[in-house]
Amino acid sequence: MKIDVLTLFPAMFAGPLDESIIRRARDNGLLELKIHQLRDWTHDRHKTVDDKPFGGGPGMLLKPEPLFEAIESLKRKTTRVILLSPAGRKFDQDIARELAQAGDLLLVTGHYEGFDERVREELTDDELSIGDYVLTNGALPAMVVVDAVTRLLPGVLGDDESSRDESFSHGLLEYPQWTRPAEYRGMKVPDILVSGNHAEIEKWRREQAKLRTEKQRPDLLK
Ligand code: 4FV
C-alpha cells in the first residue's frame, strides 16, 4: 500500500512511524509512506498557506490553492483522498479494515481553524476524526490512521503478533490474559487457563470478553 501524507509538520512524523512493526513494513515494501510539506505547493516568498475567514471570526484557515495543487499532483486514479478533521466520521477498527483493503491513501492533515470548504467539496473522498477533542494539527490523527491500517496489511503482523482475536475483532473488548509466572505476589492465574481444556478455555474467554465489554463499553453491545 502507498500512503502519502500532506502536512505543515513533516518532522512530527519522524519517530512514531520509524520503529517496530511500521518500520519493518516499510523496509519490507509492504508500506510505501511519503510525507509531503504543503508549503512546497506555494509560490510566494512567504510560502503562505493560510488566510483570514470570510465573514470574520477567530483564527486562520488553510487556503485552497496550495491544497488543490498538492492533492491534484499527488493523487492517482486509485488514491483515496482523506481529510483528517473533528468533523469527520469517527475512525474505528471497521474503518481501519476498510482502508486496509482500499487502494492508496492520501491523508490531508489540518491546521489552524481548518480547511477552506472548497477543499472538502471538490477533492475529498472521505473525512475522518480520531475522536471528539481538538488537537493543534492533524499530524497525530494521520499517524494513528497509518498505524492502525498498516498493521492490518497482509504480511505486516507475524504469527505471534496476529490481529485475529483482538479488541473489536468480534465487536467485543479483548478477554483478560496472563503470562508466566503462574503465581506472582500471591496473585494466581485462573485455573481454567492451566487446565489444558481448550474448548472450556475458549468458552471462558468469550464470557470474560462479554463481561468486560458490558462493564467497560456497553455502547459496543448496542
Ligand atoms: C482532529 C481530530 C483535530 C482541529 C483544528 C487540527 C485539529 C486543527 N483531526 N481528528 N480530533 N484536528 O482535532 O482528526 O485544524
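Remember, it's 1-based here, ligands and their atoms both numbered in the order they're listed. Just the heavy atoms: all of them, side chains too, but no hydrogens, waters or symmetry mates, feed the values below.
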I need the atoms of ligand 1 closer than 4.0 Å to a non-hydrogen atom of [X], numbered in the order shown.
X	result
Asn137	6 (C)
Gly110	15 (O)
Val134	4 (C), 13 (O)

Going by heavy-atom distance to atom 14 (O) of ligand 1, choose the closest among Gly59, Ala142, Ser85. Ser85

Provide, to 0.1 Å, the distance between [atom] and the closest protein heavy atom, together with that atom's residue and name.
atom	value
atom 8 (C) of ligand 1	Tyr112 O, 3.2 Å
atom 12 (N) of ligand 1	Pro86 CD, 3.7 Å
atom 10 (N) of ligand 1	Ile130 N, 3.0 Å
atom 7 (C) of ligand 1	Leu135 O, 3.2 Å
atom 11 (N) of ligand 1	Tyr133 O, 2.9 Å

For Arg23, is the CZ atom crowded, meaning more than 12 foreign heavy atoms sit under 6.0 Å from it?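 Yes, CZ of Arg23 has more than 12 neighbouring heavy atoms, counting only those of other groups under 6.0 Å.
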
Glu207 and Lys203: CA distance, side-chain angles, deciding distance, salt bridge (Lys or Arg N to Asp or Glu O under 4.0 Å) verdict: CA-CA 6 Å; Glu207 284 154 10; Lys203 187 163 151 294; 3.4 Å; yes

The reported gap from CZ in Arg26 to CG in Leu33 (rounded to nearest 0.5 angstrom) is 4.5 Å

Enter the distance from Leu107:CG to Thr7:OG1 here, rounded to the nearest 0.5 Å. 10.5 Å

Are Glu65 and His43 linked by a side-chain donor-acceptor pair shorter than 3.5 Å?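 Their side chains do not contain a donor-acceptor pair, so the 3.5 Å distance test is not met.
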
Criterion salt bridge (charged side-chain N to carboxylate O under 4.0 Å, His left out) against Asp104, the qualifying member of Lys2, Arg76, Arg80: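 By the salt bridge (charged side-chain N to carboxylate O under 4.0 Å, His left out) criterion, Asp104 pairs with just one of Lys2, Arg76, Arg80: Arg76.
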
Listed by chain and number, what are the side chain to side chain contact (heavy atoms under 4.5 Å, CB included) partners of Thr48, not counting sequence neighbours? Asp44, His46, Asp50, Lys63

So which pairs with a foot in residues 68-113 pass ring pair (Phe, Tyr, Trp, His ring centres under 6.0 Å), sequence neighbours left out?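 Sorted pair list: Phe9-His111.
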
When you look for heavy atoms under 4.0 Å from ligand 1, do you find them on the side chain of Ser129, its backbone, both, or neither?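 Near ligand 1, Ser129 shows its backbone as well as its side chain.
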
Would you say [X] has any N or O atom under 3.5 Å from an N or O of ligand 1, going by distance alone?
X	answer
Gly131	yes
Gly138	no
Pro141	no
Glu113	no

Lys/Arg-Asp/Glu bridge criterion (N-O < 4.0 Å) met for Lys47, Asp40: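 Judged by the 4.0 Å cut-off on N to carboxylate O distance, Lys47 and Asp40 do not form a salt bridge.
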
